[in-house]
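One structure is given below, encoded as structure tokens.
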Protein chains: 4
Amino acid sequence: MHIDFDISPQDTLPIYRQIVEQLRRGIAGGQCRPGDELPSVRALAQLHAINPMTVSKAYSLLEAEGLLERRRGVGMVVASTQPLRAGKGERLALLQPALQAAASQAVQLGLDEQAALRLFQQCLQEEMNK
Amino acid sequence: MHIDFDISPQDTLPIYRQIVEQLRRGIAGGQCRPGDELPSVRALAQLHAINPMTVSKAYSLLEAEGLLERRRGVGMVVASTQPLRAGKGERLALLQPALQAAASQAVQLGLDEQAALRLFQQCLQEEMNK
Amino acid sequence: MHIDFDISPQDTLPIYRQIVEQLRRGIAGGQCRPGDELPSVRALAQLHAINPMTVSKAYSLLEAEGLLERRRGVGMVVASTQPLRAGKGERLALLQPALQAAASQAVQLGLDEQAALRLFQQCLQEEMNK
Amino acid sequence: MHIDFDISPQDTLPIYRQIVEQLRRGIAGGQCRPGDELPSVRALAQLHAINPMTVSKAYSLLEAEGLLERRRGVGMVVASTQPLRAGKGERLALLQPALQAAASQAVQLGLDEQAALRLFQQCLQEEMNK
DNA sequence: GTGGTCTAGACCACA
DNA sequence: GTGGTCTAGACCACT
């Protein structure tokens, strides 16, 4: 598993939920495939200088959701029941909340559609070139 | 003042910060102009079924920031020291974080630029017709 | 809410799951009704001499499952989306795992059906007279 | 020895204790008799896809308890000091905890005695036909 | 080595 | 007062 989590402790979104959502997207997007082993709780905790329990909490939630499976004494793996990649509609649905929030902000800021779209396009291109 | 706040109690962003940020954008976007009166703490609290202290906390923070002024007997008004509307570059800068986050999510989901842009356009149009 | 939890720290079932399952049964059985307030995390923790986080974990899981709702600043209540009492088939399904385990043990112990049933009847009557 | 262990890795009861308790019941029930040879650690581990150390741990505990004996070159056998079969009262006593727990659950679920008994009878019959 | 559970205690957001 | 999040650290079960 070579997903690199992007953890921001000062984000309002709790750390464990940052992990949950990034992993959820990684699985839906096909970046993490069924059977892939996840970084160990301790490794991930140390890498981002956070507490192991915080990572564990995220993993447990995803296990309860059925996205991850626990292999006793081995670690967590992406559940074999997951599709290799979610359908496009499903992935767009996962993206929608973020775009709705951004659209709401754009309108409140009195920006026109074209300006907002151009900025988003620019952000997308930067992100893809990372 | 006819800014209509969009409050989601189950959002991870605390309610008082939802108010603060929406008002900040309303001022930057020119929707709220210097001297405009804000809804009273009680009115806003009742309208959204939230605690008056939550509203009060948001107003106090904005007052401390200099965006709002407390007028005795009148209530809170948008500070007269505010520009009528922030410059477009400034407003785009305020929008950028949300779009960067969305772009990052889109890439993690394995979505292509076109699909993401179309969805954003759709969100913008829905938001403008509210 | 007057559900009295029966917590055994030395049970192999983790404490937070003891709470989860007892509450699940209490709701399915109609003993806890939609809107009922739960004992506060701190109160329950103190009553059973366990850590508040243990209780909190149980409540969070039930919230994620949709059985409980969080009322900010007030506490947890039984979700209003719950039926007053689950259907009989559903409640029997919740009981089945325990009975299957007991049946397996009875067979391993070489006990006959009549003896096992009589003992269960006796246990039921004792339990009902509590 | 043809005791067939029923191992559930996802059960909250640790695997080594599942083995210990099933064997304890098999001995009490007369299914395993003094001198009976147990499956080898490796065989049992392979059969249930569990770690040999887990099986070994279970056997060691039972040896310490005096229920099993280690015979050099042969393996583990049921201790010759065991009675052929425990008395019926004793076996019922071993079954009681499981039934008490089930009875408690039935009452919490608001089920009546008849329904609970019928379900238990059904479980017993299924178990006997295995 | 893996994850799970629990504790004790701190600080935050909300009413 | 309510619950939420996080930390640091201990011990357990399993590979």
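Naming: A, B, ... by sequence-line order, numbering from 1 per chain. The figures here come from the full heavy-atom set of this structure, side chains too, leaving out hydrogens, waters and symmetry mates. Owing to the predicted nature of the structure, the values given are computational and were not obtained by experimental measurement.
Formation of a donor-acceptor pair under 3.5 Å by the D:H48 side chain with backbone atoms of D:D6 is not found in this model. For C:D11 (side chain) and C:S8 (main-chain N/O), no donor-acceptor pair under 3.5 Å exists by modelled atom type. Checking side-chain atoms of A:S40 against main-chain N and O of A:A43 turns up a donor-acceptor pair under 3.5 Å. Judged by distance alone, the side chain of B:S60 and the main-chain N or O of B:S56 form a donor-acceptor pair under 3.5 Å.
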Output field dot_bracket for DNA chain E (Watson-Crick or G-U, both distances under 3.5 Å, | for other-strand pairs) contains ||||||||||||||.

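Closest approach of D:D36 to D:Q31, counting heavy atoms only: OD2-O, 4.1 Å.
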Using a cutoff of under 3.5 Å, can you pull out all pairs of nitrogen or oxygen atoms linking the protein to nucleotides 12-15 of chain E, with atom names and distances?
unit_1	atom_1	unit_2	atom_2	d
E:dC14	OP1	B:I15	N	2.5
E:dA15	OP2	B:T54	OG1	2.3

Pair up each side-chain donor or acceptor in residues 76-83 of chain A with any protein partner under 3.5 Å, not counting sequence neighbours, and list the distances.
unit_1	atom_1	unit_2	atom_2	d
A:S80	OG	A:E69	OE2	3.3
A:Q82	NE2	A:G66	O	3.4

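Atom CG of residue C:L109 and atom CD1 of residue D:I27 lie 11.5 Å apart, to the nearest 0.5 angstrom.
The residue among A:P9 and C:A43 whose nearest nucleotide of DNA chain F lies closer to the 5′ end is C:A43.
With a heavy-atom cut-off of 4.0 Å to chain A, the contacted part of DNA chain F has its first and last nucleotide at F:dT5 to F:dT15.
Among residues two or more places apart in sequence or in another chain, the salt bridge (Lys or Arg N to Asp or Glu O under 4.0 Å) test is passed with C:R85 by none. In this structure B:R17 satisfies the salt bridge (Lys or Arg N to Asp or Glu O under 4.0 Å) test together with B:E21, sequence neighbours excluded.
Residue-environment remark: CD (B:E63) exceeds the threshold of 12 foreign heavy atoms within 6.0 Å.
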